[in-house]
Chemist: 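Just passing along the structure, written as structure tokens.
Values reported hereafter were calculated over all heavy atoms of this structure, with side chains retained and with hydrogens, waters and symmetry mates removed.
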Amino acid sequence: MTNLIKIIRATEWWEYKFPPILVIPYFIILSDTNLKLSTVVCSVLFIIAALVVGAIYVSILNDITDIKEDAIAGKNNNMAKHSRVKQFFILSIPICLALSFCWFLRENNFALAFYVLSYVSFTLYSVPPFRLKKRGVLGLFADASGSQMLPTLFAVTFVSHYSHHQLSTIEILAIAAWSLSFGLRGILWHQFHDLDNDVRSGLYTIVQRMGRRTTIATGLLIITIELIAFLWLMYAIGNQYLYIALLLYIIYMLYRIKKTDLEIIIIKYTSPNFDIVMNVFYQVFLPIATLILISTNRPEFLGLTALHLLLFPTGFYRVIKNIFN
């Protein structure tokens, strides 16, 4: 089991990527009082299963295509010890599973398109001769699209299709802008975190030439777009209680700053004790607050809240631990 977790790198995406992707589907569930619990639970589990297959594909593909660079940088690569034949066999498993999900989505054109495009985006990001990972800005957008924007749009259009909730064009654009911005901050943080390894391996990334002023300006631009899009979505939902969740998050962060030497960052950190602004809100406060609001009107949906906490306990546990420590 430990080797499997290492190969699929689940610790890098399970708790961090999935809860923000589920937030907007939860918004749709909150606004639709006719949905049955069984339908919602099946839809959420289907989305998670489809996303897991995609994340496994990306993890394995990245390791296979990064073998040479990782060897130069002295970085451990889980696929390096396997032969080419075995690498192809391992990679073929999530591909076959993805095709089965595509077959199930054949009558949902938008969800199918976004799901397929997420694979295309990451394939172009990793595989030569495209290898957008080495092509500066194109690599940033390919990663942000494949990791956040396209999976979020897939999840939203999937739930929207089965709930018969029609999304307007401006809602789709706002969701895309928010999730893309959040994804851009994620890949920029990752590249700053991995900067030394990338330099040693000769892998060109845009952060290698980003000075302090460029980093600050880029971060401010991205977070501005992200917050405008997200606050518009909150306003469109029209549930004032969600702002209480935002207020609690702000109080939580101020409390942590007061009690520790915590550094709040947009994309780049200078201290080992840091937190990326809004991450904990998207990963913990917002999804749980939305689920509690759903359960307030329909008590049977407490089961969905319990399911979410069962699947994603680490973030919630970390928040509680930080408060009481």
Side-chain angles (χ1 to χ4, degrees), residues 1-29 32 35-63 89-123 145-163 165 175 179 183 282-284 287-288 290-291 294 301 303-316:
M1 180 61 73
T2 303
N3 289 334
L4 177 62
I5 292 174
K6 286 182 178 179
I7 289 175
I8 66 176
R9 293 158 60 175
T11 54
E12 298 179 17
W13 42 262
W14 177 258
E15 290 276 352
Y16 302 103
K17 298 290 186 182
F18 285 12
I21 291 173
L22 293 172
V23 163
I24 309 299
Y26 288 164
F27 284 175
I28 294 174
I29 295 167
D32 192 333
L35 283 173
K36 295 181 179 179
L37 177 62
S38 58
T39 302
V40 168
V41 170
C42 289
S43 297
V44 169
L45 290 176
F46 179 88
I47 290 169
I48 292 173
L51 294 176
V52 165
V53 171
I56 291 172
Y57 169 78
V58 170
S59 299
I60 295 172
L61 182 67
N62 274 343
D63 276 349
F89 173 75
I90 294 172
L91 186 62
S92 68
I93 296 173
I95 291 175
C96 292
L97 290 173
L99 290 173
S100 68
F101 280 105
C102 289
W103 181 86
F104 187 88
L105 292 167
R106 66 192 184 280
E107 295 181 1
N108 189 339
N109 294 332
F110 285 110
L112 175 61
F114 289 130
Y115 188 64
V116 171
L117 285 173
S118 66
Y119 284 83
V120 173
S121 179
F122 262 118
T123 301
S145 299
S147 66
Q148 289 294 152
M149 186 185 75
L150 292 168
T152 300
L153 291 174
F154 152 69
V156 169
T157 50
F158 180 82
V159 173
S160 177
H161 176 80
Y162 286 99
S163 67
H165 179 91
I175 293 167
S179 53
Y282 298 148
Q283 293 164 357
V284 180
I288 293 176
T290 307
L291 289 168
I294 295 170
F301 274 78
L304 182 62
T305 307
L307 175 65
H308 181 93
L309 290 172
L310 180 66
L311 291 173
F312 309 106
T314 306
F316 179 74

Chemist: For the rings on Tyr115 and Phe158, is their centre-to-centre separation under 6.0 Å?
Modeler: no
Chemist: Heavy-atom distance under 4.5 Å between the side chains of Tyr26 and Val44, does that happen here?
Modeler: yes
Chemist: When rounded to the nearest 0.5 angstrom, what is the spacing between CG in Leu307 and CG in Leu291?
Modeler: 9.0 Å
Chemist: Just by distance, do the side chain of Ser160 and the backbone of Thr157 share a donor-acceptor pair under 3.5 Å?
Modeler: no
Chemist: Side chains of Tyr119 and Val53, heavy atoms from C-beta outward: is any pair under 4.5 Å?
Modeler: yes
Chemist: Side chains of Val52 and Phe18: does their closest heavy-atom pair fall under 4.5 Å?
Modeler: yes
Chemist: Kindly compute the distance separating CD1 (Ile28) from OG1 (Thr290), expressed to the nearest 0.5 Å.
Modeler: 12.0 Å
Chemist: If you look at every heavy atom in Gly315 and Val284, which pair is closest and at what distance?
Modeler: C-CG2, 3.6 Å
Chemist: Given the rule in the side chain to side chain contact (heavy atoms under 4.5 Å, CB included) test, do Phe301 and Ile29 qualify, once you have shown the distances and angles that lead to the verdict?
Modeler: CA-CA 10 Å; Phe301 274 78; Ile29 295 167; 4.0 Å; yes
Chemist: Quick one: does any side-chain atom of Ser121 pair with a main-chain N or O of Leu117 as donor and acceptor, under 3.5 Å?
Modeler: no
Chemist: Applying side-chain hydrogen bond (donor to acceptor under 3.5 Å, both in side chains), can you list everything that pairs with Thr123, at least two apart in sequence or on another chain?
Modeler: Tyr57
Chemist: Do Phe114 and Val156 have side-chain heavy atoms sitting under 4.5 Å apart?
Modeler: no
Chemist: Say you draw a straight line from CG of Leu91 to CG of Leu61; how long is it, rounded to the nearest 0.5 Å?
Modeler: 6.0 Å
Chemist: Taking side-chain hydrogen bond (donor to acceptor under 3.5 Å, both in side chains) as the definition, give me every residue that meets it alongside Tyr282, ordered by chain and number, with sequence neighbours left out.
Modeler: Trp178, Glu226
Chemist: With the side chain counted from C-beta on, respond yes when Val116 and Cys102 share a heavy-atom pair under 4.5 Å apart, and no when they do not.
Modeler: yes
Chemist: Looking at side-chain heavy atoms only, is the closest gap between Trp14 and Ile48 below 4.5 Å?
Modeler: yes
Chemist: For Tyr16, does the OH atom have more than 12 heavy-atom neighbours from other residues, nucleotides or ligands under 6.0 Å away?
Modeler: no
Chemist: Is any side-chain heavy atom of Phe154 closer than 4.5 Å to a side-chain heavy atom of Ile47?
Modeler: yes
Chemist: Nearest 0.5 Å, what's the CH2-CD1 distance between Trp13 and Ile56?
Modeler: 5.0 Å
Chemist: If you compare all heavy atoms of Pro151 against all heavy atoms of Ser145, which two are closest, and at what distance to 0.1 Å?
Modeler: CD-O, 3.4 Å
Chemist: Heavy atoms only: give me the nearest Pro19-Gln283 pair and the separation to one decimal.
Modeler: CB-O, 3.4 Å
Chemist: Please examine the side chains of Glu15 and Pro313, heavy atoms only from C-beta on, and report whether any two atoms are closer than 4.5 Å.
Modeler: yes
